[in-house]
Amino acid sequence: MRCAMNMLWNTQIENTCIVFRSWHISSRTSFAFSLLAVWLRVASRSLDRRIAATLVAQGKLASRSRHGSGRNSPEVDTEGAALLTGDASPITARLARASLYGITVFLSFFLMLIFMTYNAYLIIAVVVGAAVGHFVFSSHIDIESALGVATDAKGMACH
């Protein structure tokens, strides 16, 4: 059977292709597994963000412990100051953060493509997965970061 791609809101289940021709939904069972896969991937994005935040915090902590802040203010960005003085965080930490960021950007755009199938069930899976992931993996919220006030905050940005 051929893939049906709709550019309008739809609730089609069978003969739907999601992003690739090889991701062809041919039965209700395969559609259920696809919904579950999308839901789990979206829910785990909050875990990805927590891991990235932990890596950033570890980098800042390591930089502070190596150099000392020299100030009493806890808000001093010693990693940023280290970049200006030529004494940046270790290359392995920067590679880990950059790799995780690249993966996050890729997955953000991939989820956007899934959303753009305009399939109501897939859209609901993305939204519910994001809400559940935020509930499970984000026990507290940083208001400045959520509003995009902090200098390194993403706010509600996709990546």
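Applying the side-chain hydrogen bond (donor to acceptor under 3.5 Å, both in side chains) test to every pair with at least one member in residues 3-13, sequence neighbours left out, gives these pairs: Asn6-Gln12, Asn10-Asn119. Screening residues 16-43 for salt bridge (Lys or Arg N to Asp or Glu O under 4.0 Å) gives Arg41-Asp48 as the qualifying pairs, with residues at least two apart or on separate chains.
Within the 4.5 Å cutoff, the side chain of His24 has heavy atoms near those of the Asn15 side chain. Leu95 is not listed as a side-chain neighbour of Thr92, based on a closest heavy-atom distance of 4.5 Å or more. Looking at heavy atoms from C-beta onward, Phe31 lies out of side-chain contact with Glu14 at the 4.5 angstrom threshold.
The aromatic rings of Phe110 and Trp23 lie parallel to each other, with less than 30° between the two planes, well short of the 60° mark.
Here His134 contributes atom NE2 and Arg45 contributes atom CZ; the two are 12.5 Å apart, rounded to the nearest 0.5 Å. Taking CG of Leu122 as the start and CG of Leu113 as the end, the distance is 12.0 Å to the nearest 0.5 Å. Note: Met112 CE to Thr117 OG1 = 12.0 Å, rounded to the nearest 0.5 Å. From Cys3, atom SG reaches atom CZ of Phe20 across 12.5 Å, with rounding to the nearest 0.5 Å. Atom CZ of residue Phe135 and atom OG of residue Ser46 lie 12.0 Å apart, to the nearest 0.5 angstrom. From Leu111, atom CG reaches atom CZ of Phe106 across 9.5 Å, with rounding to the nearest 0.5 Å.
Smallest separation of non-hydrogen atoms from Ala125 and Leu35: CB-CD2, 3.8 Å. Taking all atoms of both residues into account, the shortest heavy-atom contact from Phe115 to Val126 is CD1-CG1, 3.9 Å. Contact record, Ala130 with Val42: N-CG1, 3.1 Å, taken as the closest heavy-atom pair.
Cluster membership for Phe33 and Ile13, using ILVMFWY side-chain heavy atoms within less than 4.5 angstrom, is not shared. One hydrophobic cluster, built from ILVMFWY side chains closer than 4.5 Å, holds both Ile114 and Tyr121. By the rule that hydrophobic residues join a cluster once side-chain heavy atoms approach within less than 4.5 Å of another member, Tyr118 and Ile124 end up as members of separate clusters.
In terms of the side chain to side chain contact (heavy atoms under 4.5 Å, CB included) criterion, residue partners of Ser26 (sequence neighbours excluded) are, by chain and number, Ser30.
Within a 6.0 Å sphere centred on CZ of Phe137, other residues, nucleotides and ligands contribute more than 12 heavy atoms.
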